[in-house]
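Input: a single structure, listed below in structure tokens.
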Number of protein chains: 2
Amino acid sequence: MSFLIISSQRDPKNWVKALKEHYPKLDLEVYPEVKDPSKVEFALSWKHPHGIFRDYPNLKVIASMGAGIDHIIGDNEIPKDIQITRVVDEQLTKDMSIFVLSLILEYIRNLAQHHCSKEWKPGSYLRPEDVQVGIMGMGVLGVGVAEKLIQNKFNVTGWSRTNKEILGVTTYHGDDQLGKFLQESRILVNLLPLTSETKNILQKSLFEMLPKGAYLINVARGEHLVEDDLLEVINNGHLEGAALDVFRQEPLPKDHPFWNNKKIRVSPHIASITNPKTVVPQILDNYERMKEGKELQNVVDREKEY
Amino acid sequence: MSFLIISSQRDPKNWVKALKEHYPKLDLEVYPEVKDPSKVEFALSWKHPHGIFRDYPNLKVIASMGAGIDHIIGDNEIPKDIQITRVVDEQLTKDMSIFVLSLILEYIRNLAQHHCSKEWKPGSYLRPEDVQVGIMGMGVLGVGVAEKLIQNKFNVTGWSRTNKEILGVTTYHGDDQLGKFLQESRILVNLLPLTSETKNILQKSLFEMLPKGAYLINVARGEHLVEDDLLEVINNGHLEGAALDVFRQEPLPKDHPFWNNKKIRVSPHIASITNPKTVVPQILDNYERMKEGKELQNVVDREKEY
């Protein structure tokens, strides 16, 4: 029985190091130099080349290196009986919460404008208590962000696929309540999981339900956003601007129109970075559970795709 | 008996409007068109031309339009028996606290760099729990900022002239403890009142006591800072940078070297804006107290200069 690491966009050396520190005897294979694919039962994966798991006949579990599992689910050739797990890490939630708070404060206090423009232009500002922030996606990250914003006196609402009850947050759910949720959102924060249902959800018809002058923050996935639609509603003045941390193509191509739009703030996918050291114990715990035939932690619902 | 408004850099029309709304019968004079200076007993003032109060023989109180009173105290020709008052306003404290938090988050998450540079350069970031913020000045604003930062998991220390005890904050005081306070401050926030003792306090010898790579935030007064010394310690790499909201000359002159220094973030004195509507009641309360011979609120200690 062996443990496979596969990471096609990030160097896996910190993962290898952390795994060996915690589990010196682990029989580790690092893609693409795999000696015996038939021995692999557990794979720790980030953005694997689709289709490769066909070569691993005894694979039982694919563990994502991060909170997102869209890069795994998006591969149609993964047999239905393989379990997929995600990372749930308190530090990831804290980092995401602080990042969203920092983007919102930058926006309401006009910091990017002051600090980038090199011009003396005093003006008014918004206060947390005057702003309603709508969070799409009330999973672990969404709830963490909501709590951080409430603590800092923002008005917060949440929207999710199914009904959630969260202290201090007015929650909406399902397609029927999406319009009401959007109408009230002065700032819209996207934290939805990327699924076949949520892909392209940030599009013109959704933006038009937001109040005039609303601001978009996308810290989930680039594929949630129809980029041309965002440019259209920003350029026609319906949206006041956007802060985007994720993109369909990363790094964002140098000639992409987002770079030179003064109302769009681009950051290089830095909302929260998984730290292998803090996450490896929960990965290895699931590896042990698999070996012992026990129920795994943080398993993804293959139907819901999150 | 009349009430004088004098505001030489800001249009006083919102003050006049708010005063008239609260006190329609107020006998109001607006500088410089004063009919009878001898009748004026109370002056609401912002940056008056020095020396003019000689012409008001019956003046008893000068009320600042804001939290700062350095613009009044700086005039040596104001008789010692005239009482000076400042504004203490919960909204000012809240606005200042949120502004300092936003500057600190912008710094630890590298937002200005990402959003101004238009380059895809992911990198690591600091977390609140890894950062020690030292606040100079533990008055109403300093305490408000400390509480906001503690709530957001920063480590906070405070320094002030005399000893203060504030829950959750390690406090230092006096010249003897300044060095120890500075040594630990990864981010230094200046919120001192401007007095003859604190003028030019942010100078080379102080910066050199900060740890290498420290960051300065000045949201108090431009006259606290020796500008050339800051440029020197930033250019030689001892300080990592600074966010400045106040300047010796405002607006900051177009040819000032701060504008083009990539490590200095300039904002146009927008930390907190006094709202006449919310502040006029406390000004009028002091006016009534004066008329009735009662003790005034928020009186400045002329010796301490704050």
Side-chain angles (χ1 to χ4, degrees), chain A residues 10 91 94-95 97-129 148 151-154 241 243-245 247 249-254 256 258-262 264-273 275, chain B residues 10 91 94-95 97-129 148 151-154 241 243-245 247 249-254 256 258-262 264-273 275:
Chain A
R10 303 173 184 177
Q91 193 62 59
K94 283 184 188 173
D95 288 1
S97 306
I98 280 285
F99 187 66
V100 171
L101 176 65
S102 68
L103 290 175
I104 291 178
L105 291 180
E106 183 198 53
Y107 169 61
I108 69 169
R109 297 305 301 248
N110 307 310
L111 292 187
Q113 185 188 313
H114 293 309
H115 289 164
C116 300
S117 77
K118 311 265 171 194
E119 283 180 273
W120 188 274
K121 278 196 181 166
S124 60
Y125 47 79
L126 295 170
R127 298 185 167 109
E129 53 270 37
K148 173 61 69 181
Q151 192 188 47
N152 283 285
K153 312 294 182 201
F154 287 91
L244 308 175
D245 189 51
F247 304 90
Q249 192 183 338
E250 295 181 4
L252 187 66
K254 283 188 177 171
H256 197 286
F258 286 169
W259 283 119
N260 289 312
N261 192 307
K262 281 192 180 171
I264 296 178
R265 323 234 184 271
V266 171
S267 56
H269 203 148
I270 40 113
S272 55
I273 300 171
N275 183 348
Chain B
R10 302 174 182 176
Q91 193 62 58
K94 283 184 188 173
D95 287 2
S97 305
I98 280 286
F99 187 66
V100 172
L101 177 64
S102 68
L103 289 177
I104 291 177
L105 292 180
E106 183 198 52
Y107 169 61
I108 68 169
R109 297 305 303 247
N110 308 309
L111 292 186
Q113 185 188 312
H114 294 310
H115 290 163
C116 301
S117 76
K118 311 266 173 193
E119 283 180 274
W120 188 275
K121 278 196 181 168
S124 60
Y125 46 80
L126 295 170
R127 298 185 166 109
E129 53 270 34
K148 174 60 70 181
Q151 193 188 46
N152 283 286
K153 313 293 181 204
F154 287 91
L244 308 174
D245 189 51
F247 305 90
Q249 192 183 337
E250 294 181 3
L252 187 66
K254 284 192 177 169
H256 197 287
F258 285 170
W259 283 120
N260 289 312
N261 191 307
K262 280 192 180 171
I264 296 179
R265 324 231 185 273
V266 171
S267 56
H269 203 149
I270 40 113
S272 55
I273 300 170
N275 183 349

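The shown structure was predicted, so the numbers you read here are calculated from the model rather than taken from an experiment. Protein chains get the first letters and strands the later ones, always in sequence-line order, with residue 1 at the start of each.
Looking only at heavy-atom pairs under 4.5 Å with chain A, the residue among B:Lys153, B:Glu250, B:Lys94 that has the most is B:Glu250. Among B:Trp120, B:Phe258, B:Phe99, the residue with the largest count of heavy-atom pairs under 4.5 Å with chain A is B:Trp120.
With a threshold of 4.5 angstrom between heavy atoms, A:Gln113 does not approach chain B through any atom at all. For B:Phe247, the part sitting under 4.5 Å from any heavy atom of chain A is the side chain, from C-beta outward, and nothing else. Contacts of A:Arg127 with chain B are made by side-chain atoms alone, with heavy-atom separations under 4.5 Å and no backbone atom involved.
Here the side chains of A:His114 and B:Ile270 are in contact, with some heavy-atom distance below 4.5 Å.
Within the model, atoms CD of A:Glu129 and CD of B:Gln91 stand 5.5 Å from one another, a figure rounded to the nearest 0.5 Å. Taking CG from A:Leu111 and OG from B:Ser102, the interatomic distance works out to 4.5 Å, rounded to the nearest 0.5 Å.
Listed for the A:Arg109 side chain is a donor-acceptor partner under 3.5 Å among the backbone atoms of B:Ala271. For the pair A:Tyr125 (side chain) and B:Ile273 (backbone), a donor-acceptor distance under 3.5 Å is present.
Within a 6.0 Å radius of NZ in B:Lys121, no more than 12 heavy atoms belonging to other residues, nucleotides or ligands are found.
Scanning both residues, A:Leu103 and B:His115, for their nearest heavy atoms gives CD2-CE1, 3.7 Å.
When the side chain to side chain contact (heavy atoms under 4.5 Å, CB included) test is applied to B:Lys148, the partners found at least two apart in sequence or on another chain are A:Asn152, B:Ser97, B:Ile98, B:Leu101, B:Gln151, B:Asn152.
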